[in-house]
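Computed over heavy atoms, backbone and side chain alike; hydrogens, waters and symmetry mates excluded. A quick note: this is a predicted structure, and the numbers were derived from the prediction, not measured.
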Amino acid sequence: MDAQTLHFLPLILLSLLHFSTSFTPTDNYLINCGSSANSTLYNRMFIGDSTSPGSGFLSSGRSISLTRPNPSPNSPILYRTARVFTSDSSYKFNIKKNGTHLVRFHFSPFVAQNFNLSSANFGVLVDGHLILSGYVTQEVVLKEYILKIESEVLEIVFRPIEDSGFGFVNGIEVFSAPRDFVLDEARLVSASGVQEYKNASSQVLETTHRINVGGSNLTPFNDTLWRTWIPDEQFLALKSAAKRVVTTHTPNYEPGGATPETAPYNVYMTAQQMNRDNNTMNSKFNISWDFPLGLSRSRYLVRLHFCDIVSTSLNQLYFDVYLNNYSAYKDVDLSSLTFHVLSSPIYIDFVVDSDESGVMRVSVGPSDLSNVARINAILNGVEIMKMVNFVAPHADAGSRKKNILVVVGPVVGGSVLLALVILMVLLLCKCKKKKPKPRAAESVGWTPLRAYGCSSNFRMSEGTTNASSGPNGYENLKIPFVDIQLATNNFDKSLIIGSGGFGMVYKGVLSDNTKVAVKRGVRGSRQGLPEFQSEITILSRIRHCHLVALVGYCEEQSEMILVYEYMEKGHLKNHLYGSKNPPMSWKQRLEICIGAARGLHYLHTGFAQGIIHRDIKSTNILLDENYVAKVADFGLSRSGPCLNETHVSTGVKGSFGYLDPEYFRRQQLTDKSDVYSFGVVLFEVLCARPAVDPLLAREQVNLGEWAVQWQKQCMLDQIIDPHLVGQIKPSSLKKFGDTAEKCLAEYGVDRPTMGDVLWNLEYALQLQESELPQEPHEDGNTNETELPGPRIVPHPSSTLIVGGDDGDAASDISTSKVFSQLLTNEGR
């Protein structure tokens, strides 16, 4: 037995002891795919999946079982079979306890029965998230994902990408992670410095690297969560800068720090420290590791593990941490972070974007606080996890600087024009009233609503109207935090009905038995403050039967909570695809589109400047118990241009697939941007597919572009939802398709107004219910009296309530007045 083996023998023995007290997850599914027999891997039993869809875990789709011919005697039994999917197929797992879970896929391609699994081209969706797609060509591939599951059933879908394609998998693991395995808080590191990052636990994370720094390879035998940790030597940028250090003493786990499930004992009992053997001058240098990530830009959660096994007493070690050469944490003092307990393991989570190099550099080096005699820095472990579906910004600083130079040149040249502009600005500033001075914050973590207008952190130009917070404004909408706690059973996880960028949404019942939806922002975060204030500012002033009503809000104890009327049927998307809801009829879909159009038309025209929603999509159109549509989520909304303006210049916000390309290019927002987004929704309603589906052929990925091409060829009937085949009258489909196509015009000036859209949708409904002889010409040149169009009769529920000076006494405005232009053909 060599010296190195003797050196690590205590660690090996400790690993066996550690394994005997392994973590027991609440949910624990291990599936041997493509086999009816059970198999073991690292002493874990994998259950054979069912051979018939609808029973066991395999729930739907067409699949077959394959067996590897002539397997190697040493190959794991799990990799000797595979489940091959020739259509969309899924596994379903009952979740006993919501929260963070680990999901792993085992892939080992082979050739059998005319299937070469290396040529399988497919995607995998977990809980609705597309997490991977493409080919598996390596001999063995293990893909691990960490995600929060908030539903009772987890569905994993395998989707062949091409018509002749197929997918496969050899094994699946789904099991619960320990509590607080991924915390919300992390340190966001960038060129602009270090900021607080929230909602890390809500991200879908893909494990990219898991490194035992200074130690040996650790197999799942050595890890209570059955992970593999690999040595760090191959990643060291300069091997001579680092020196391995090992201890035989077990770590001192303390409350609030790392646990045996965070990382095995072995990780915290080895480390790399600065190699000062040949450093007689006590010069400072860093230890650096370079981890390959690939060339695609993305965002990563980087977890660094530390345990001070080099100091002989407390407060001897101070060092700095760098990520991608940015300062990530200065003057790390492990003694203070571990409650003054030596050799106590901790971890620190960072969030950092990858750069064009395709490499993540992690460095540790001595701090300025280091004692000259004790200059050192250590690292025990590294985990790098990619945030799935994160989209990196495309614009770079260089191009922005060039654009600035292009603009500045002509401006400087036109000195006379510049002088006139300055003079006008000065005159306007004199006319403006002075803003009231902001008061001190009344709660911790973010600035509350002001007595007049919004907080100092929220510009009024991003909102709509100045709602007073006095007794007749939004002040009377305040709900005590204790009442919201009672309504939601103290935010019981079983009452969660949705989630978004702002936070979780809970179903609740107020003391007066009113059903409500409670949207709770991330506590203490400033990230959602503009959305919070925008929703209150807008919804406290408007009422409309096709806009979701704000019941109240709460800003106590650093909370940002919005309370809405409860929408029994959820959002529109769930009734079109991706759920078990029965398909809706064409008439139902038309009525929903008409309702949403009414709500949007009121937003655009109900005020002097109007309100632009900025995030119209199928998930922001909610349905009540009678399937009445209501537009929701006004967090990105803002006031429209003034009467003497054509647009509002603002940063681009919205949802991918629904975003107005003209707004994206020019950053000039108009109400026609909402019209474009609504056009995408119209095709979504007709075709029952997502606005963007990256698993489809290139020409089909973007629904709006694809559907318009079919519409222009007068073949829209070829791509409609199969459930609608034979339901839609050709004239109704033509009017609907023409309307959606016009909404998606490249330039806003060529798009109809929401009033026009509403008129045409009403007309499409009438064409569907009773075939009219002929519809009016669109060019406006034909005598309308000869070809009369249908008279739009006000919907009996289309009463508008606009908040007046008295919040309790809102004024009713009948639909016939507000929509008077719709009674004639000129309104289109």
Side-chain angles (χ1 to χ4, degrees), residues 6-24 177-183 185-187 210-216 218 220-227 229 231-232 242-274 287 302-321 329 331-350 362 364 366-367 369-371 374-383:
L6 285 170
H7 193 60
F8 283 98
L9 184 59
L11 300 184
I12 297 171
L13 295 173
L14 185 60
S15 299
L16 296 175
L17 176 63
H18 191 201
F19 182 76
S20 65
T21 59
S22 61
F23 167 72
T24 303
R179 184 183 177 187
D180 296 334
F181 187 65
V182 179
L183 298 176
E185 296 80 13
R187 298 169 66 91
R210 184 171 283 128
I211 310 297
N212 181 20
V213 177
S216 59
L218 300 179
F221 277 120
N222 312 117
D223 191 302
T224 57
L225 296 184
W226 308 283
R227 296 165 294 192
W229 300 72
D232 68 309
K243 180 180 179 181
R244 180 183 297 174
V245 57
V246 180
T247 182
T248 56
H249 298 289
T250 57
N252 297 315
Y253 288 101
E254 293 292 325
T259 68
E261 279 66 54
T262 307
Y265 291 102
N266 313 57
V267 172
Y268 295 118
M269 295 172 67
T270 63
Q272 295 280 16
Q273 65 175 340
M274 293 174 62
I287 316 172
V302 180
R303 174 168 290 184
L304 302 184
H305 298 268
F306 301 100
C307 185
D308 188 356
I309 59 175
V310 299
S311 300
T312 56
S313 63
L314 296 171
N315 303 115
Q316 287 185 356
L317 180 64
Y318 298 90
F319 60 93
D320 297 336
V321 177
Y329 204 134
D331 307 323
V332 176
D333 177 11
L334 297 181
S335 297
S336 61
L337 293 177
T338 56
F339 304 101
H340 301 284
V341 177
L342 202 61
S343 299
S344 179
I346 66 161
Y347 66 90
I348 305 174
D349 285 344
F350 302 89
V362 177
V364 293
S367 162
L369 301 179
S370 302
N371 186 299
R374 297 192 180 98
I375 290 177
N376 205 355
I378 66 166
L379 182 62
N380 300 74
V382 179
E383 292 179 270

[Y] side chain reached by [X] side chain, heavy atoms, under 4.5 Å:
X: Asn380; Y: Thr270; result: no
X: Phe319; Y: Leu334; result: yes
X: Trp226; Y: Phe221; result: no
X: Asp223; Y: Leu218; result: no
X: Asn315; Y: Asp333; result: yes
X: His249; Y: Met269; result: no
X: Asn212; Y: Pro264; result: no
X: Leu379; Y: Val362; result: yes

Between Pro345 and Asn252, what is the shortest heavy-atom contact and its length?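 That closest heavy-atom pairing would be CD-O, 3.4 Å.
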
Which atom of Val213 lies closest to which atom of Gln272, heavy atoms considered: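 Between these two residues, the closest heavy atoms are CG1-CG, 3.3 Å.
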
Distance, nearest 0.5 Å, that separates [atom1] of [X] from [atom2] of [Y]:
X: Phe350; Y: Leu304; atom1: CZ; atom2: CG; answer: 5.0 Å
X: Cys307; Y: Tyr253; atom1: SG; atom2: OH; answer: 8.0 Å
X: Met274; Y: Asn376; atom1: CE; atom2: CG; answer: 6.5 Å
X: Ser344; Y: Phe306; atom1: OG; atom2: CZ; answer: 13.5 Å
X: Leu369; Y: Asp331; atom1: CG; atom2: CG; answer: 4.0 Å
X: Ile287; Y: Lys243; atom1: CD1; atom2: NZ; answer: 11.5 Å

Going by atom types alone, do Thr259 and Thr262 pair a side-chain donor with an acceptor below 3.5 Å?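 Looking only at side-chain atoms, Thr262 and Thr259 do form a donor-acceptor pair, the distance falling under 3.5 Å.
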
Side chains of Glu261 and Thr224 only: does a donor on one sit below 3.5 Å from an acceptor on the other?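 Present: a donor and an acceptor within the cut-off.
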
Report yes or no: does [X] contribute a side-chain atom to a donor-acceptor pair with the main-chain N or O of [Y] at less than 3.5 Å?
X: Ser343; Y: Asp308; result: yes
X: Arg244; Y: Gly214; result: yes
X: Asp232; Y: Gly215; result: no
X: Thr338; Y: Val341; result: yes

Could you pull out all residues at least two apart from Arg187 that satisfy side chain to side chain donor-acceptor pair (under 3.5 Å)?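 Applying side chain to side chain donor-acceptor pair (under 3.5 Å) to Arg187 gives none.
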
Taking the six-membered ring for Trp and the single ring otherwise, decide whether the centroids of Tyr347 and Tyr268 are under 6.0 Å apart.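 Distance test on ring centres: not under 6.0 Å, no.
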
Show your working on side chain to side chain contact (heavy atoms under 4.5 Å, CB included) between Tyr329 and Asp320 and close with a plain yes or no. CA-CA 6 Å; Tyr329 204 134; Asp320 297 336; over 6 Å; no

Side chain to side chain contact (heavy atoms under 4.5 Å, CB included) for Tyr318 and Arg374? Distances and angles first, verdict last. CA-CA 9 Å; Tyr318 298 90; Arg374 297 192 180 98; over 6 Å; no

Starting from the C-alpha separation in whole Å, work towards a yes-or-no answer on side chain to side chain contact (heavy atoms under 4.5 Å, CB included) for Leu225 and Phe181. CA-CA 11 Å; Leu225 296 184; Phe181 187 65; 3.5 Å; yes

Decide side chain to side chain contact (heavy atoms under 4.5 Å, CB included) for Glu383 and Arg227; before the verdict, give the C-alpha distance in whole Å, the side-chain angles of both, and the deciding distance to 0.1 Å. CA-CA 11 Å; Glu383 292 179 270; Arg227 296 165 294 192; 4.2 Å; yes

